[in-house]
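In what follows, a structure is listed as structure tokens, so that the remarks can point back to it.
Model, not experiment: these values are computed from the prediction.
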Amino acid sequence: MSHRSACALALLSGISATPVVAVTPVTPVGVESCDAFLEAYAQCAASPGVPEAARPGIRQGINTMRESFRDSVLRNEAARPTVAYQCAQAHEAVRKSLVDAFKCDFPAAPAASQALLQSPPPPPGSPRATARPAPTPEAQALAKANAYTEAQNHLVRSHPLEQQLADYRRDNERVLKLGTNFGANAWYHFGIVDFDGVIDELEKAVALPGVVPEVDAQTSRLLAALREVNPILKALTRYQTTREFKEDGFKFAREQHAILVPRVDAAAKAMDAYGTALFEREIARDELRLAALPEDAPARRLLSTSLTLRRAVRRFEALGPKADVAPFLAALGEVSDANRHLGTVLDGMSPKANSSCTGYTDTVASVIGHGRDVARDIRAKSDPSQPAQRFNETYNRSVRDLESCHKNESRVRPG
């Protein structure tokens, strides 16, 4: 489950179509269905409907799959039938996802590949093949989504960009204006950490086989934004650490300021859009899981409370200085009811529920309280930023508490 930033969302605008780009020739896998799949995948990546920012990530994924397929066959020739079947299976699944997402030109699997799907390879251990069965497209998508979520959690914990940018502006406003005229003891402060670790995580996640159509495009856009701002963050960190501002009278800092701010803003918006895509995917998934659980099961009550809280977060993100807070307050009321029912179920469990689960209900109650403080300040036309920050921080703590509850109490896991 991913943590969210609690600022108002600013979704990225659409990226205009660009001309078709030629694909560089590559060494084939040597398995007909794999080469057909990867050629069709590359043709989609070069289509005008695919955003330019998404193409590097897609191409990297294609190259990773090509090397993986080729390596599997080179290491074990007996795996060739399984690899061929895996490629034919992936062709169908990936084509559907990307055509739905981008309306790209992704040719259908050739007849030979389609024939493979009618006769799966023999199971492992049979005389004809000893390779492990290929992961299903669903399993690949789940693994990829989990990797995306880990990267998102890293981002939220280590890069609160909006706060870091506000601190940067506050700490350096007078220095950037006055430079050496501010005095000999003037200091340049820079605390926005580079994104090396996150970029590495995202690149590895993108390279995993499988597609997550709700999130893949936003991931590529986020990677592009982080790669663009990262060199500036490193340069300004070195500039502060080496005290170069004492030698050049803050010249480099002033030059980079006009470049830094819009790129950090763009990265923050890309982070929000990425987090939103993961958040909405999780809600849709958990709504389906909720419907399959028995009415009075502890797992259903816990999942219901979590879902109701996340729907309230949606309302929170729609708030503005002059917003009607009634829908948000109504959503908080629903969270309160769900949390009360959850507490009753946990209290009635025998043996007693793990304390991490009761701790979750306490944290949810705090989220509700901070949310009502936000609504109060908006109604009073006063500044809601402090309770909003507490709402955000407490909500993120509730996510961690929910993970602990699932880890420590098997009876509340949705399965």
Side-chain angles (χ1 to χ4, degrees), residues 1-10 149-171 191-193 195 197-198 264-265 267-276 278-280 282-283 302 305-321 323 325 328-329 331-336 338-339 342-343 355-380 382-407:
M1 180 170 296
S2 65
H3 304 282
R4 291 295 311 278
S5 169
C7 59
L9 298 179
T149 300
E150 286 300 315
Q152 165 70 359
N153 292 344
H154 183 179
L155 267 172
V156 171
R157 288 192 298 266
S158 61
H159 290 84
L161 268 192
E162 293 193 338
Q163 184 59 51
Q164 290 177 337
L165 184 58
D167 292 344
Y168 160 80
R169 282 171 157 154
R170 181 199 64 220
D171 294 341
I192 306 179
V193 183
F195 288 98
V198 175
V264 172
D265 281 336
K269 290 176 182 178
M271 285 171 58
D272 278 339
Y274 175 71
T276 298
L278 281 168
F279 190 70
E280 295 298 330
E282 289 168 359
I283 288 180
L302 182 64
T305 300
S306 170
L307 270 169
T308 309
L309 178 57
R310 282 178 276 167
R311 294 186 189 113
V313 170
R314 278 176 173 166
R315 294 290 188 183
F316 171 78
E317 290 174 335
L319 294 175
V325 297
F328 178 51
L329 287 171
L332 291 176
E334 292 174 2
V335 178
S336 183
N339 199 42
L342 172 61
S355 60
S356 60
C357 297
T358 53
Y360 172 70
T361 63
D362 293 340
T363 306
V364 171
S366 295
V367 177
I368 296 167
H370 293 314
R372 287 174 173 154
D373 288 344
V374 171
R376 175 204 64 205
D377 286 355
I378 290 176
R379 278 179 166 170
S382 57
D383 181 10
S385 58
Q386 288 300 318
Q389 182 177 349
R390 288 192 288 269
F391 178 92
N392 181 39
E393 292 170 349
T394 311
Y395 169 71
N396 284 340
R397 188 167 75 246
S398 79
V399 174
R400 295 190 291 272
D401 290 349
L402 179 62
E403 291 170 349
S404 295
C405 178
H406 281 150
K407 178 181 178 181

Spatial distance of atom [atom1] ([X]) from atom [atom2] ([Y]) [nearest 0.5 Å]:
| X | Y | atom1 | atom2 | value |
| --- | --- | --- | --- | --- |
| Asp377 | Leu319 | CG | CG | 11.5 Å |
| Tyr395 | Ile368 | OH | CD1 | 13.0 Å |
| Cys357 | Lys407 | SG | NZ | 13.0 Å |
| Asp401 | Thr358 | CG | OG1 | 10.0 Å |
| Arg376 | Leu329 | CZ | CG | 11.5 Å |
| Leu332 | Asn339 | CG | CG | 11.5 Å |

Minimum-distance pair of heavy atoms, taken over all atoms of [X] and [Y]:
| X | Y | value |
| --- | --- | --- |
| Ser366 | Thr394 | CB-CG2, 3.7 Å |
| Phe328 | Gly371 | CE2-O, 3.2 Å |
| Leu309 | Ser398 | CD2-OG, 3.7 Å |
| Ala331 | Arg315 | CB-CG, 3.9 Å |
| Met271 | His159 | CE-O, 3.4 Å |
| Leu161 | Ala267 | CD1-CB, 3.8 Å |

(message) Between Thr305 (side chain only) and Ala338 (backbone N and O only), is there a donor and an acceptor less than 3.5 Å apart?
(response) yes
(message) Tell me if a side-chain donor or acceptor on Ser336 pairs with a main-chain N or O of Gly333 at a distance below 3.5 Å.
(response) no
Test item: [X] and [Y] side chains (from C-beta on) under 4.5 Å apart, heavy atoms:
| X | Y | result |
| --- | --- | --- |
| Glu282 | Thr149 | yes |
| Leu302 | His406 | yes |
| Phe279 | Arg314 | yes |

(message) Would you say Arg310 and Ser306 are linked by a side-chain donor-acceptor pair, where the criterion is simply a distance under 3.5 Å?
(response)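 Yes, because at least one side-chain N or O of Ser306 sits under 3.5 Å from a partner of the opposite role on Arg310.
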(request) State which residue, out of Thr308, Val313, Val367, fulfils the side-chain contact (heavy atoms from CB on, under 4.5 Å) condition with Val335. (result) Thr308
(message) As a quick check of understanding, evaluate salt bridge (Lys or Arg N to Asp or Glu O under 4.0 Å) for Lys269 and Asp272, giving each step before the final call.
(response) CA-CA 5 Å; Lys269 290 176 182 178; Asp272 278 339; over 6 Å; no
